[in-house]
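Notes follow the structure.
Please read these numbers as outputs of a predicted model, since none were measured by experiment.
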Amino acid sequence: MPVSPSAPDAPPRRIAHLDMDAFYASVELLRYPELRGLPVVIGAGSRYEPRTLPDGQRMFYRLRGYAGRGVVTTSTYEARALGVFSAMGMMKAAQLAPDAILLPVDFTAYRHYSRLFKAAITGMAPQVEDRGIDEIYIDLTDHPEDSITLARRLKQAVSDATGLNCSIGISPNKLLSKIASELDKPDGMTIIGPGDLQKRIWPLPVGKVNGIGPKADARLRDLGILTIEQLAHARPELLQRHFGLSYACWLIEVAHGEDDRPVRTHSEPKSISRETTFERDLHVHRDRAELSEIFQRLCVQLEGDLRRKGYTGRTVGIKLRFHDFRTVTRDFTLPIAVADADAIHEAAGACLKRIELDQSRIRLLGVRVSSLESRTTDGNGGSLKAPFQLSLY
């Protein structure tokens, strides 16, 4: 069993990965307990909000009634058993599970429960690395309790704070803990100790390793490497020939359960973005007014995100996905960092002018701000703006 490097007299590292079970769906089941045990798919717009009848009963939409270009945000385990998973097109999901309940997304509620479970964990173990709305790493190295007791206490803390279940994996490093948290879902608790690398990790498909994506997975399969054990025994020169030296070295390390990354309690974001996929493809000329309104709204939302997180940014980018799924991005770097919607809109508009639109139909529009800096002010509480003028879209 690999042990992550540490000081000679320091205790061996012990890191947990905590992952909320079907998080968005579980939050919705708190609101609609009558849906427990049913296939539920989340990803619709607000027009699919359940209706309350005069007798107090609720009427829910079914997935078969969905029409649009959206994708599944998440689904309950019952819907997953029918083949419906996140990032799947909603229309395809409707073919697989037409009787599934359809619910709109409610990110305000999801963020609320995310804050609750993270606060509960931080109160017990303050060395926490935030990995997104529904997962965290926790450094438990200095805790005197054994791993099983700690895992139970952490799970109970989450349940008490939110009413939700989570799964926890504990091991000497982040790599193995991330894999372990998936092994016994839902409501799982998995401890990876001596000998468990060979027994529990090696039989898994290579795609279970965080960092081996679909393309690398397919290339490994072409080489006859299907499991983590096969990867661990693969010839280094073979991996280097097909993946290059750096990635080959990393593949060998992770196959042997090696990972020395620490739990980082703070990290700076590289960019902040907003994007939306349209219910129908929008034509750049016939739907110009609607596109302009959406474009402006994204910039306003992005301003709110930047102000809330305390950042400005010097590089503004645009992302377009056309009806044929071709995706184009453009960036514009400003002389001074900005955060206000007007400046973002102008810079993003300059990016749009560098894209050949012609008679195109667009299915997705996104705006991004990068090259982030901590917010500065003009001395009166207002953010500094870049002194420039650009043509509007």
Side-chain angles (χ1 to χ4, degrees), residues 4 6 11-30 73-74 77 86 105-193 201 208-211 254 257 259-272 305 308-310:
S4 298
S6 57
R13 288 171 64 189
R14 186 169 47 150
I15 294 175
H17 180 259
L18 186 152
D19 192 13
M20 300 299 290
D21 295 331
F23 183 50
Y24 298 168
S26 297
V27 171
E28 296 295 346
L29 294 180
L30 289 179
T73 302
T74 192
Y77 289 102
S86 60
V105 294
D106 184 353
F107 285 108
T108 299
Y110 310 149
R111 284 191 289 266
H112 169 71
Y113 280 94
S114 178
R115 289 191 293 268
L116 287 180
F117 95 76
K118 290 171 185 175
I121 295 300
T122 305
M124 292 178 56
Q127 298 298 313
V128 170
E129 179 178 331
D130 194 335
R131 295 302 298 169
I133 196 169
D134 62 349
E135 62 175 315
I136 54 176
Y137 287 104
I138 317 160
D139 193 329
L140 302 173
T141 303
D142 295 328
H143 279 256
E145 295 174 292
D146 63 273
S147 294
I148 293 178
T149 300
L150 265 174
R152 287 173 177 159
R153 288 186 58 216
L154 293 168
K155 287 168 62 66
Q156 189 62 50
V158 170
S159 178
D160 291 344
T162 65
L164 302 172
N165 291 331
C166 67
S167 293
I168 293 181
I170 299 180
S171 83
N173 60 52
K174 294 164 78 171
L175 167 78
L176 295 177
S177 295
K178 170 78 170 176
I179 297 174
S181 67
E182 296 285 337
L183 292 181
D184 299 308
K185 273 184 168 287
D187 200 20
M189 183 176 66
T190 307
I191 313 299
I192 300 297
I201 304 299
K208 290 292 185 181
V209 175
N210 189 34
V254 298
D259 179 18
D260 62 359
R261 294 173 299 157
V263 170
R264 300 187 182 279
T265 58
H266 178 74
S267 62
E268 297 290 338
K270 295 182 179 180
S271 65
I272 299 175
D305 294 339
R308 186 169 57 254
K309 297 177 181 180

[X] vs [Y] side-chain heavy atoms within contact, under 4.5 Å:
| X | Y | answer |
| --- | --- | --- |
| Ile148 | Ile191 | yes |
| Asp184 | Met189 | no |
| Ile133 | Tyr110 | yes |
| Thr74 | Phe23 | no |
| Asp106 | Tyr24 | no |
| Leu154 | Ile121 | yes |
| Leu140 | Ile15 | no |
| Asp259 | Val254 | no |

Distance in Å, [X] [atom1] paired with [Y] [atom2], rounded so as to fall on 0.5 Å steps:
| X | Y | atom1 | atom2 | value |
| --- | --- | --- | --- | --- |
| Ile136 | Ser181 | CD1 | OG | 11.0 Å |
| Asp134 | Leu164 | CG | CG | 11.0 Å |
| Ile179 | Thr190 | CD1 | OG1 | 11.5 Å |
| Ile138 | Ile168 | CD1 | CD1 | 6.0 Å |
| Glu135 | Cys166 | CD | SG | 12.5 Å |
| Leu176 | Ile192 | CG | CD1 | 6.5 Å |

Do you know the tightest heavy-atom contact between [X] and [Y]?
| X | Y | value |
| --- | --- | --- |
| Ser167 | Gly188 | OG-N, 2.9 Å |
| Val27 | Tyr113 | CG1-CD1, 3.7 Å |
| His143 | Ala125 | NE2-CB, 3.7 Å |
| Lys174 | Arg261 | CD-O, 3.4 Å |

*Taking only residues two or more places apart in sequence or in another chain, which ones pass side-chain hydrogen bond (donor to acceptor under 3.5 Å, both in side chains) with Gln127?*
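Partners of Gln127 by the side-chain hydrogen bond (donor to acceptor under 3.5 Å, both in side chains) criterion come out as none, since no residue qualifies.
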*Residues in side-chain hydrogen bond (donor to acceptor under 3.5 Å, both in side chains) contact with Thr141, at least two apart in sequence or another chain*: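 For Thr141, the residues satisfying side-chain hydrogen bond (donor to acceptor under 3.5 Å, both in side chains) (neighbours in sequence not counted) are Asp139.
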*Go through Thr122 and Lys118 one step at a time and tell me if the side-chain hydrogen bond (donor to acceptor under 3.5 Å, both in side chains) criterion holds.*
CA-CA 6 Å; Thr122 305; Lys118 290 171 185 175; over 6 Å; no
*Quick one: do Glu182 and Lys208 make a salt bridge, cutoff under 4.0 Å?*
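No, Glu182 and Lys208 are not salt-bridged.
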*SB check Arg131 Asp19 (cutoff 4.0 Å)*: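 A salt bridge is absent here (no side-chain N lies under 4.0 Å from a carboxylate O).
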*Please answer whether the main-chain N or O of Asp187 pairs with a side-chain N or O of Asp21 as donor and acceptor at a distance below 3.5 Å.*
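The answer is yes, because a donor-acceptor pair under 3.5 Å joins these two groups.
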*Is Thr162 reaching over with its side chain to a backbone N or O of Val158, donor-acceptor style, under 3.5 angstrom?*
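Yes; judged by distance alone, with no hydrogens or angles, the pair exists.
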*Mind running side-chain contact (heavy atoms from CB on, under 4.5 Å) on Tyr137 and Lys178 for me, showing each step along the way?*
CA-CA 8 Å; Tyr137 287 104; Lys178 170 78 170 176; 3.5 Å; yes
_Worked verdict on Ser177 versus His17 for side-chain hydrogen bond (donor to acceptor under 3.5 Å, both in side chains)_ = CA-CA 5 Å; Ser177 295; His17 180 259; over 6 Å; no
